[in-house]
Every structure is written in C-alpha cells, then in structure tokens.
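The structure under discussion appears below in the form of structure tokens.
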Amino acid sequence: MGVFGEFLKGLKVTGGVMLRTISGRELVTTRYPQEMREKPQRFHGRHVLNRYPDGMEKCIGCQLCAGVCPADCIYVRGKDNDPDNPVSPGERYGYVYEVNMLRCIFCGLCVEACPTEAITMTHLFEMSTTNRQDAIYTRETLLMDERGRVPHVFPNDPLADLSELDAADGWLKATAPAGVAAYEGFVMWRETPGPGDWSPEPSQEERDRRSETEDG
Amino acid sequence: MTEDKRTDTIDIWVAGTEEPEFQPTFEGEQEIGPEETGGRLAEQYGSVVDDDYLFDDEVSEDERMVINMGPQHPSTHGVLRLQIELEGEVIRRTKPIIGYLHTGMEKTAEQLTFGQGTTNVTRMDYLSPFHGELAFSLATEKLLGIEVPPRAAAIRVLMTELNRITSHLVALATGGMDIGAISMMIYGFRERESILAFFEKTTGLRMNHNYIRPGGVAADLPAGWKDDVAAILAEMPRRVREYDDLLQYNPVWLARTKGVGVITAEEAVAYSITGPTLRATGVDWDLRKVFPYSGIDQYEFEVVTGENGDVYDRYRVRVDEIAESLKIVSQVMDTMPKGDYRIPDRKITPPPRARIDESMEALIHHFKLFTEGFKVPPGETYAAVESPRGELGCYLVSDGGPKPYRMHTRAPSFYNLQGLPIAMADSLMADTIATIASLDPVMGDVDR
Amino acid sequence: MVDPGWYMAVAAALFTIGAVGLLVRRNALVMFMCIELMLNAVNLTLVAAGRALNDINAQVAVFFILVVAAAEVVVGLAIIVSIFRHRETASVDELSELSG
Amino acid sequence: MVEAVVFVLMAVGALGGAAIVVLARNPVYSALGLLGTLFSVAVLYVVQLAHTVAAVQVIVYAGAVMTLFLFVIMLIGVDRAEMIEESLPWQRRIVLTIGVLVVILAGTLTVSGFDWVPAATVTNPGVTSGTVEAIARPMFTGWVLAFEATALLLTISAAGSIALAHYRRRDG
Amino acid sequence: MSWAEIGLVVLRVVLTFGLLLVVTVINVWAERKILADMQNRIGPDRAGPWGILQTVADGLKLFFKESVTPRRVELGMFLLAPFLAVVPAFLIFMMVPWGRPVVIGGNEMPLQGADLNIGLLFILAMSSLAVYAVILAGWSSGSKYPLLGGVRATAQAISYEAAMGLSMVAVVVFTATQGEGGTLSLSEIVTRQSGNWGDISPLFAWVPRWNVFPQIAAFVIFLIAIVAETNRAPFDLVEAEQEIVGFHAEYSGMRFAMFFLAEYVNIFSMSAIAATLFLGGWNGPTFEGVVPGLVSALLPTVWFLAKTYAIVFVFFWVRATLPRLRYDQLMTLGWKRLIPAAVVWLVVSSVVMGWRQFGPPWS
C-alpha cells in the first residue's frame, strides 16, 4: 500500500488546493484589468515632474538625474528663467525634459539624485505603446498640472488605473534619510499639490513598535 | 557535399529576391569533440577527472544522432544550447554552448560608477539579485576599506537569505515542471510571490532591486516589516511540507531523480562546482561558514549536505536550505540592531535630503556623488558570497577613479554548467532535463 | 455473394507480389514484409475456402498462422536489429559470412 | 451487391498496398503499403463473416507487428532509399516474368470460371459466422494441442528475441 | 430494412458523433479550469461565462491560422497523419452505449453508434491503429524531436495495449459468469451490470452490481493502461513538451487542432469504456413513474456522463499531481508490473469464478 499511499498523498495536496481555490480561500491570480493589485508605497512606476503648490515647476534643469541614470534614459536641457515670468523658483528650469521609457530600468536613482524632489515616481506601470516614439515621455506628459494631477499619455487606456498616478513616491521618502537613523520620521521635502500622501516614513522605534502592536 | 562548399554557402535570403536553394544542415556531421580520446572526456575538457563516458566502437555511426537542444527549447532554462549525441534515447556526449544571452555586463561595469554599478550586477543573476549586489558592494567596500553599520549588515543578511529562498523555490518549481509535475511550478512561484511582495515593499521592485549598495543599503526596512517576515516564517514550513507530500516520497519523483545526473565529489571539486550542487555530493563547503561575510557567522545554521550528488540530493539540499535560511531570517528578525544603515561617510553616502538645503557642503557632496561618484583607491580585490547557486564572487580592479577599471564576476552558474557533460553522459534524454533543472543555471549569470 | 474464386485470384496475386518482392528486394526489412504478404495471401484463401466449405476450422487455422507470423516477426526483427548493430547494413547482399 | 462493391475496393486496396511494399524505395512507405494491404484483407475477412479473425488481424498485425516494423525502421535508421545494385543480374528479370505469368494465369483461371473450391459445389455452402465462440470451440477442443504448441512457440520466440536484442555494454 | 430503421441508424450515429464533439469541447475547457483550480489559478474566464467558450475561441483561432508545411516533410504522410489520429478516436466511441435504448415510433433505438458482437476486439483494434498517427506524424515531420516522439510512441503503445487487453479479458471472463455465455458486446456487458449485489449477501443489497467491485484490480490496471494509451500525464512521453517538444512539433493550425481533438476524444472514449466495463455504464436509478417519462429516459445518459466524467476528472487530477515517468521506467512499469499483475489477476479471478460456478476441481 505504500506506493499507493504516497500517490494518494500527492493527490490530496492537489485536491486540497482545488477545494481551497474553489471555496475562494486561496487564489494567487487575479482578473487583472478588473482587479488591480494594491501596490506597496515604494513601488517604482512611471516618473512625474512635480510642481510647488504655487504652480512653479520644481525642476531647475541641473541634469543630476541625467548624470546619475545608469541607463542613460534621461535627457535634460536647462534654460534661464524669464525674470518676469519664471517657470521655476531658481535661475533655470528644465526646458527640455525627456525620459525614454524603453531604456528606463526603474532603479530610482534619478529620484534620489534630484536635489529639489522635482522628479519622482508614481505607481503607474501600464505604459505599453504600439510606437517607439510614444515611449519617449516629454515634458508635456511628465509634468503635473497646477492642481497636481498627472497626465497620462493615453487617458482612455482601459488597462490603466489612473489613480495610481496620484500616489506619492515612497522611494523618495524611504531614501531621504540616506542611512542616518536620526533623520527618519522627518519631512525633508517641500510640498506638492495633488492628492498624494507625503507624510514621512516613521522612525525605527516607531516601525518596531507598530509591528509589535500589530502582532498582538 | 564537400567541406569547401559548405563553408562557402551563405544562406541569406533577401525578401523580394529569388529564394536560394534549400541547404539542409547536416547535423550528423557536426563535431561534438574528438572521438579518439578513448572515453576520456576529461581530456577534452582539460581536466584529469575520469568520466564514465565510454565510446563504443561496435556501435555504428548510423545509430548516433546529433541533436541541438536549445537555444530555443522549453526547458533549457533560458538560452542554453546543448549539442547532444544520442544513441536511441541514450545520451553519449554533450557539449553545452553558451553565449546566447551575452550582454557584456562586465564591460558595461567599466562605464558605470561604483554607485551605479549595483544596478548592473543585480541583473546578472536575475534570480538572486541581492547576492550580486552584495558581492559587488563587499568588493567595493574592501577596496575602500570601510565597514558598514551593523543594521546594514543585518538587513543584507535578511534580504540575501530571503532571496536564497526565492531562488531555491524557483529551482524547485522549474525542476518540478521539467520533470512533469506541473503543479509544483505554480506552487513554487506562489510562495516566491509572497517573499517577492516583501522585497517589493522594501525596495520598490520585485527583481533587480539596486538596494544593497557600497556603504550600506539604500533604504530602511519598511514599516511593518516584522509582520511580513513573521508571516513568511509561519507560512513557509507548511508549504515545504506540502512539497514533500507532493514530491518527496512520490515513487515517480524518486525514480526520476535518484541516481540521475550524478556528479561525484572529486568531479565537483575538479570542475570548481559550488553551491547546492557541490554540497549534494557531500562536500561540506559553504562560504557562509568558511569565509563569513556581512556578519552572517553570528547566526546559527547548519550546512546542508547530501550524499550521492544526484538530482534528488540537489533537490533535497535546496529544500533543506530553505529551512536553514528561514532559521537565519528568524534570528535576524529577532536581533535586528537599531541605528544607521548606510555608512555615515559623506564621501561615499550622499547626505540626508534635509541637509541639502541647510549645508553648502552637503549640497556639494550630493552633486559630486551623483555626477562623478565616489573615488575608490587603486588596487584589486575579490569578494565572494554564497549565492543560491554557489560562490558568487566579484573581482574588482580600481585605478583610483570613480569607475572600476575592470570588473569580473565569478558566476556560479557558469562553473556549475561545466559539470553538465559529466553528469549527463550515458543517461537518458529525459534525464537531461532533470539534470539541467537540478544544476539550476541562470543564463544571465553564465553569459554576463 | 462473391464467388470464392475471386478471393482466390486476389490471394494468388498477393502471393505472387510477395514472392516477387522477396526475390527482388535486398532490404531485409522489406523482404520480411513480403513474407507477411505471402502469409496474408494464404490466410485469405483459407478464409474464402472455409466459407465456401462452411467449415470454421479454416478460421482457426488462420488464427494460428497469425500467431506464428507474429512470433516469426518478433524473432526476425530481433535478428535484423542485432545484425544491424554489428554490420551497419540491412542489405542481405552484404551478409555473406555464411556463404563461405 | 454490397459484398461485390466492397470486394472490388478492398481487392484493389490490397493489391495496391502490396505493390507499394515491393516498389517503394523507402521502407517506411513499404510498411505503410503493407498496413494498407493488411487492413484491406481484414475488411475482406469481414465481408466473409470472419469477424473475429478480422479483428485479430488488425490487432496483431496493425497493432503489434507493423508497429514493431516501424519501430525497428526508425530505431536503426534505414528509412533511406536502398542501393539498387543487383548481385544476381538475371534474377530480377526472371522473377518478374514468372510473377507476371502467375498473375495472368490466376486471372485467366478466375475469368474462365475455374472451380477453385471443388467441394463447395457439392456441399451447398451455408453461412458460417466467425464469432469468437464459433472459433473458440474447435480451437479448444480439436486443436488444443496446436494451441498449446503455439503458446510454447510464442514464449520461446519472446525469450529468443529478448536474448538476441539484449546486448550489454562493455563496461557492464 | 425499412427506411425508418435506416433513419434510426443514421440518427444514432449522428447523435453519438454530436455527443462526442460536445463533450470534447467541454473536456478541453474543463481540463484547463480544473488544472487552474488545482494550482490556485483562475483559468480561462474571458470567453463566455466562466470562459466556457474558450475552446471555441481556440478552435476558431487554429482554424484560421496558417498550416505551415516545413520543407523537409514527407508530404503525403504529413498530411495523412492528423486524419489517422482523429478517425480511430471517433470509431472507438461508436462502440460505447451511452444511454438506455429508447423507443421511437415503435422501433427500438439503442443509444450507441454500433453494437458489434466483437465490440471489445474492435476497440482494441482501433486503439492499436491510433498509434500510427503519432508514429507517422513524428517520422514524416523530417525533424529530430518529433522523430523521437514517434519512436517513444511505438514502444509505449505496444507495452500498454497488452495490459489493457488483459484487464479487459478479466472483465469478459467475469461477465460470462453473470449471464448466459460470454460476450464481447458492450451493450450486453452493461445490461449484465444492472441490479445489485444482494444475491451475495443481503448486506450488499445497496451496492450496485458493477464490475468494479469484484474486478477492482483489473479496474486499476485498466485505468493506468488507458492513461498510458491516450498518452496523458504521467505517461505523456510522446509529447513531453519539456523534453522533446512532441511528435506534433511541426504541425500548426488546423492540422495541429486535429491531433488535439483526437487526444481529448480519446480521453473521453477511454473513460467511457472504463465506465462501461467497470462502473455499470448507463445503469442507475431512473425513478420511473416518479419523474416525467422523458426525464427517466434521459437519466441513464446522465448517469453515464457522470461516471465518465468522474474518470476524466481522475485523468486531470493525476496530471496535476504526478511527475512524468522516464522512458525506461515506463517500459518497466508496463512489462514488469502491469502485465504480470494483469496476468496474475486474470488467472486468480478466473479460478475463483470457475470454483464458484462449477464447484471445486475435485468435485
């Protein structure tokens, strides 16, 4: 009976999984476009160029992001601000800003490098195009509008969950202390309009405390 | 068809022109290796290891068939190509041919700064990205002569050990799949998914994280990480028992894996095979014990070894290593130190974001680090970690600039793959698949 | 009902084709198949005659012939395979060791 | 009427298959030609009410014998055209002549109404349906000795073929 | 034979054929759905409710796809092989009674394609023909992997047909003790399984008189053999996609679809035969008088389908669970385990049955 017993054991596993699946207790796939997975805070998605709450652009055209990008996918050209009608609070602003999404590896280094938090990431990842030209995101598609809403290249895309574009960049918040525990839990960035939650990540004590209370 | 004609024929057909006459390839004429070695495959491959391959003069040429398995084959784990000399269904000789996924990453590393380098090395062995990052970071830190803070080291161990579990799960899943247990495929990936979700929560990415960097780790663990890790620790043993029920004692599984694809301890050592493949032969060699890194020696765990070096033992070693890794993870979770998680050296780590606006010096450091990168003293070094596939080493040469002069990776898959011809000789066609799956090569790691 | 003579004629033709093939072809496997053809021709005559004579024993004989043919094929193919292993040919002309 | 139509079709099939066996260069086609012949002959059995024999013919020949043939052809890889060299130059011509003569003779005899089964005209044939039971009864009574002998033959041939085909590697 | 009778014959053949096509379409979908359930997945769910039209969509796709003909094929055989696969698969099911005979206009019509007195022999003959499609497809593709598939198919078919036949013989011998004389007709075998085992002991009055109870070992052997015979996992070496990609690697479009169709038709036919031989076929409570006449006339078909699908489900379940056997292990299992087991079971059960019927040998 040993051999059959072992077969039955295996059959029990698959059969048990089947029962659990049918009863809905355990299911690992989802009906994707209808049911979206909730993404974690630090998710690396499509880039966005931020503004200050007063409508000014954050980008100052310093090209740090282009310099640090290991995939060479960012192209920035700065231009002096018109003093009467400034685009950004600094001397210069990002006159040309292009991100080649076909090259981008979503490592997040540009977000870490930007000194003014101008470029951050959203949670949107449905960026497929039928055309290489469309994969090069320009200033127009990257820059949020003055109310803080981010444009989508294909606003009618049935697959895209546009609310993902409003998520605040968790990676910026996570890397802001740069490894110094003492800096955790502080707001180290300037405000941005729009619905994202820009409160900082908690300090280490807070994290551990939260885990333990949730345990109990 | 003479030799000359074959080489002269260029089979390129431009659309719109007349199609050239069909030139069949005579794969039987392709050579796998000289036959005169009289059974010493070792000599063909420059080693003194005796192999059980036997060239039988009595068997005619007609009974032999050379087939090309891959690079487009469902179970060569990527784009491995095997030239196999078959006699009926029995494999007589095998020649692995690699290079179909050559991406020039080692060369690319010379164009990237040490800070950017982790985005590159993480893509080599895409199933264990943290180990690649860790090896590169350890080598860089060795050249710099720095020591990372304890929290960073602990996080590194946590992540790499979890990564070992995910990698072994993929090995089990694809190994099961290749032998025909199709449910194992989904089950392995199902559990891997729960760990990948934790990775994603921590690093923002499921693979190729760019998280472990020279000087520490990029970000602190996310809020609630203990709950996630505790959930993984609670869930995994139950799941592993489920695999055991499904495969461990299943007579078909045992018959397919026991005594198949045997590599002896001597052969494994001679071919510098490492990792579970080596340990399955009974050699007690684990870099975590012999050359501990990142403070892994402060955690208690066993080195899992097998006995026979066959596919079954490799499978078994992997399953048991999952348990050992879980042990380490649970210890790390309990003893996670507090404090900084990147070295507070402003020449290596950029300043906290708040400091940019306050301090001119911080701003300059920020700009310097993200444009030029940090400079590394000249010299060469080698640092290795125990990746899920074996010794993953990084050899770095610096000429004093911000970019490596040369980077070479000792890729475990590449060395393990050399054991394939000896493991496969005189086995059946179906065993090929089991053997490849059990060596668990990652072609990105092999070709780099 | 078709006259048994027609079955006999077909059987005769089958037998002849088999015999011709046996003598003409040089491939041991094909020669074997020709022998099977001849056996089948005989079977056909047996069934036809048995039906004409209203005798079931003919079909019993056919049954035995089938079994013997199967046994013969098994041994014959085994011989061919083992010869081929050593001589790399299935052509009977090259198997002349026994002719002295 | 039905029998006549089926007979003509199957006779053509059987002879065509046989011709393919002899004429095909490639042994695989020979095997398939033989398969066609065997199948046609099986149908000829059916129209003569020898159902069991027909079924056994398909099972044994088509199911086992021809599969073995194809297996051996593929195993030893002789599915190529054979050399057309004749070691006995006169053989082919003579054989062909005789063969054609025999076929013509058979045809002539049939058309001229030759009495192939003399006794049949005397006994006024009825219809013997070849069911399993009808065959089994004589087989296990009058023919039982032959039956046992056949069983022995099968066993011996199986053992013999295994002994022949089983070959050990030198290393053992 | 009157025109009405001829019409009924045509009708029953068309009905059998139609039933087979419908259940095959459902089978393909059911396999994907059940495998998905066993692997925590959703499975096809886009085409139609619960994705039930997925097979239709796949079929349409394959139908409109180009049928590629590689250059090195043996064209005639290459084109013939798909048909050789489909025809025996359909013919096998013609032997299976899939419902209680119904009376239409005074003529009784058995729900069965054809009721031959050598039904089981015919099934064996047809299932032995089915292997030619695989061999020829593998050989004529002019490619090495399919050729390996063809070589594997030959050996496998020969090995497992013997075991299958022997386990059938055990059932035939047993059936002979259940009525007047032996029979190879499937409809007769089904009829003899009606009723219950109350005559053995009143304790068993509730147990249906299925052959599976006295012939449990034959049932197990038969199940294993039909899984092998239909080239399904864990015996799917012929098309082991992880190893040799399969004998139909060079086929595409409609020609591939025919192999696919044949495989699923075979699964259903073989399961139907297993249900017929061992699980009592269409036998089952019909609640005559309690429910409307039409319902009680259709209930046997429902029982038949339920039993068959239970076995089809085992096919899928085993596929989701077991790893694939190796070529030599397949041979070992066939020749050294199954066939001896079948022979021993046949002898033992024959002796027991003889004893029961004729008394001990010394009497």
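In this text, all values refer to a predicted model and were calculated from it rather than measured experimentally. Just so it is clear: chains get the letters A, B, ... in the order the sequence lines come, proteins before strands, and each one is counted from 1. FYI, side chains are in, hydrogens and waters are out, and symmetry mates aren't considered; it's all heavy atoms of this structure.
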Next on the checklist: Using side-chain contact (heavy atoms from CB on, under 4.5 Å), reason through C:Val47 and D:Leu44 one step at a time and then give a plain yes or no.
Outcome noted: CA-CA 9 Å; C:Val47 170; D:Leu44 287 181; over 6 Å; no

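- The part of C:Val73 that comes within reach of chain D is its side chain, from C-beta onward, which places non-hydrogen atoms under 4.5 angstrom from that chain.
- If you measure heavy-atom distances from D:Phe69 to chain C, the contacts under 4.5 Å come from both the backbone and the side chain.
- Looking at heavy atoms from C-beta onward, C:Phe32 lies out of side-chain contact with D:Val65 at the 4.5 angstrom threshold.
- The neighbour count for D:Phe39 CZ, taken as heavy atoms of other residues, nucleotides or ligands under 6.0 Å away, does not exceed 12.
- Distance check, rounded to the nearest 0.5 Å: CE of D:Met139 to CG of C:Asn57 gives 10.0 Å.
- For chain D, the nearby part of C:Leu39 is the side chain; its heavy atoms alone come within less than 4.5 Å.
- Atom-to-atom distance recorded for C:Met33:CE and D:Leu38:CG is 10.5 Å, nearest 0.5 angstrom.
- Side-chain contact check for D:Thr150 versus C:Phe63: every heavy-atom pair is 4.5 Å or farther apart.
- Proximity to chain C (any heavy atom under 4.5 Å) is shown, for D:Phe147, by both the backbone and the side chain.
- At a threshold of 4.5 Å between non-hydrogen side-chain atoms, the residues D:Leu101 and C:Thr16 do not count as touching.
- In plain terms, the two heavy atoms of C:Ile17 and D:Ala19 that are nearest each other are CG2-N, 4.2 Å.
- Proximity to chain C involves both the backbone and the side chain of D:Ala4, based on heavy atoms less than 4.5 angstrom apart.
- For D:Thr37, the part lying near chain C is the side chain, with the backbone staying farther off; criterion is any non-hydrogen pair under 4.5 Å.
- Both the backbone and the side chain of D:Ala31 come within contact range of chain C, each with at least one heavy atom under 4.5 Å from a heavy atom of that chain.
- Between C:Leu14 and D:Ala14, the shortest heavy-atom distance links the atoms CD2-O, 3.8 Å.
- Contact detail for D:Trp143 and C:Ala61: the closest heavy-atom pair is CH2-CB, 4.2 Å.
- Residue contact with chain C, scored on non-hydrogen atoms closer than 4.5 Å, involves the side chain of D:Val60 exclusively.
- In this structure, no portion of D:Ile156 lies under 4.5 Å from any heavy atom of chain C.
- Across D:Ser157 and C:Val75, no two heavy atoms sit closer than the pair CB-CG2, 3.4 Å.
- Under 3.5 Å, the side chains of D:Tyr45 and C:Gln59 contain no donor-acceptor pair of N or O atoms.
- Chosen from C:Val20, C:Asn40, C:Val10, C:Val67, the residue pairing most often with chain D at heavy-atom distances under 4.5 Å is C:Asn40.
- A donor and an acceptor atom, one from each side chain of C:Asn43 and D:Gln57, are nowhere located under 3.5 Å apart.
- With a 4.5 Å cut-off on side-chain heavy atoms, C:Leu37 and D:Leu34 count as touching.
- Using a 4.5 Å cut-off between heavy atoms, C:Phe15 makes no contact with chain D at all.
- Of the listed residues (C:Ile79, C:Leu77, C:Val74), just one forms a side-chain contact (heavy atoms from CB on, under 4.5 Å) with D:Ser161, and that residue is C:Val74.
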